[in-house]
Amino acid sequence: MDNCPCGSGQPYDDCCGPFISGKAKPLTAEALMRSRYTAYATKAIDFIIATCLRDDDHGIDAEATRHWSERSTWLGLKILRTENGGPSDDEGMVEFKATYVQGGLREEHHEKAAFVRRDGAWLFADGEVIPETVVREGPKIGRNDPCPCGSGKKYKKCHGMVAS
């Protein structure tokens, strides 16, 4: 693998590789976020699970995580902003967007991720997904307008039918 999937521009072996292999620990919350993205992209699910804070309130569905990782083609990571999470902090937040394709659809996962440091290691604590506004590209089709499929029927009698 040449460049690291996290988008740093560095070679994988000099970036997230040592973290995922267990040879080193990320020094910042952002470095952990980048390595977790890379773990999804390289299907290193054990690393994702190992870097989650586990307590009575938070768990991880390993099978769902594996499913998402393996059935997606990971296209890129953008770090939007960070708060704290430096080498001398015990808490931090990283807001990011991860782009991927799954089932033929391009998706963008926008999240504010909270991280904590425990025993010298950064861990993912929790995340808040930020919903994206979907903007219609064309005009709205009315129920009585001709169906855009070209059938000649009204939209409500063709593709606008709602199953009951």
Side-chain angles (χ1 to χ4, degrees), residues 1-140:
M1 180 179 311
D2 293 329
N3 282 342
C4 192
C6 80
S8 67
Q10 297 179 29
Y12 173 80
D13 291 337
D14 295 336
C15 190
C16 295
F19 306 140
I20 293 172
S21 70
K23 294 178 183 171
K25 291 182 181 179
L27 298 178
T28 65
E30 181 179 337
L32 178 60
M33 179 62 242
R34 289 183 175 281
S35 62
R36 285 174 55 85
Y37 171 85
T38 298
Y40 275 104
T42 60
K43 295 151 187 51
I45 306 307
D46 291 341
F47 178 79
I48 294 166
I49 293 167
T51 56
C52 279
L53 177 66
R54 288 185 226 131
D55 58 25
D56 294 337
D57 297 331
H58 298 90
I60 183 166
D61 184 337
E63 207 46 47
T65 302
R66 186 175 314 284
H67 179 82
W68 189 28
S69 172
E70 291 175 351
R71 290 197 163 78
S72 299
T73 301
W74 298 89
L75 304 176
L77 173 69
K78 287 183 195 170
I79 303 294
L80 303 175
R81 68 187 180 98
T82 62
E83 289 179 12
N84 301 321
S88 61
D89 295 319
D90 287 328
E91 294 182 352
M93 184 281 300
V94 179
E95 182 176 353
F96 68 93
K97 288 185 179 182
T99 307
Y100 61 97
V101 173
Q102 187 177 65
L105 298 174
R106 183 183 174 102
E107 302 282 342
E108 191 168 70
H109 179 83
H110 184 181
E111 182 176 322
K112 278 199 236 180
F115 295 88
V116 296
R117 186 177 8 218
R118 296 285 189 268
D119 300 322
W122 282 103
L123 299 169
F124 169 77
D126 200 8
E128 174 190 347
V129 175
I130 314 257
E132 297 289 321
T133 302
V134 177
V135 178
R136 183 184 340 224
E137 291 184 11
K140 183 176 179 181

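What you see is a predicted model, and the numbers here were worked out from it, not measured in a lab. In this chain, numbering begins with 1 at the start of the sequence shown.
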Is there a side-chain contact between M33 and I79 (heavy atoms, below 4.5 Å)? yes

CE of M93 to OG1 of T82, rounded to nearest 0.5 Å, is 7.0 Å

Work out which heavy atom in G127 is nearest to a heavy atom in E111; give both atom names and the distance. CA-OE2, 3.4 Å

d(L77 CG, F96 CZ) to nearest 0.5 Å is 7.0 Å

With no hydrogens and no angle check, is any side-chain donor or acceptor of D61 less than 3.5 Å from a backbone partner on A64? yes

Distance alone, cut at 3.5 Å: any donor-acceptor contact between the side chains of Q102 and S72? yes

Test your reading of the model: is there a side-chain donor-acceptor pair from Y37 to the backbone of G76, 3.5 Å cut-off? yes

Between OG on residue S21 and CG on residue D13, distance to nearest 0.5 Å: 8.5 Å

Determine yes or no for a side-chain-to-main-chain donor-acceptor pair under 3.5 angstrom, with D14 supplying the side chain and P11 the backbone. no

Ion pair present between E108 and K97, side-chain N to carboxylate O less than 4.0 angstrom? yes

Identify the two heavy atoms, one from P26 and one from W122, that lie closest to each other, and give their separation to 0.1 Å. O-CD1, 3.5 Å

Using 0.5 Å steps for rounding, measure from the CD atom of E107 to the CG atom of L75. 11.0 Å

Closest contact, heavy atoms only, P5 versus T42: CG-CG2, 4.3 Å

Report yes if the side chains of R36 and C52 come closer than 4.5 Å at any heavy-atom pair, otherwise no. yes

Closest approach of S8 to C15 (non-hydrogen atoms, all atoms of both residues): OG-SG, 3.1 Å

Is there a ring pair (Phe, Tyr, Trp, His ring centres under 6.0 Å) between W74 and H109 once you walk through the steps? CA-CA 11 Å; W74 298 89; H109 179 83; 8.5 Å; no

Within a reach of under 6.0 Å around NZ of K78, are more than 12 heavy atoms found that belong to other residues, nucleotides or ligands? no

May I ask you to test the K25-F19 pair for a side-chain heavy-atom distance under 4.5 Å? no

Could E83 and R81 be called an ion pair, given the rule that one side-chain N must be under 4.0 Å from one carboxylate O? yes

Might you point out which heavy atoms bring V101 and R106 nearest each other, and give the distance in Å? CG2-CA, 4.2 Å

Between NE2 of H110 and OG1 of T99, what distance do you get to the nearest 0.5 Å? 11.0 Å

Whether the side chain of T51 engages the backbone of I48 through a donor-acceptor N/O pair (distance < 3.5 Å, no angle test) should be reported. yes

Report yes if some heavy atom in the side chain of Y100 is under 4.5 Å from a heavy atom in the side chain of W68; otherwise report no. yes

Please indicate whether E70 has more than 12 foreign heavy atoms, meaning atoms of other residues, nucleotides or ligands, lying under 6.0 Å from its CD. yes

Side chain to side chain, T28 and P87, heavy atoms closer than 4.5 Å: yes

In terms of heavy-atom contacts, F124 and L32 come closest through N-CD2, 3.9 Å

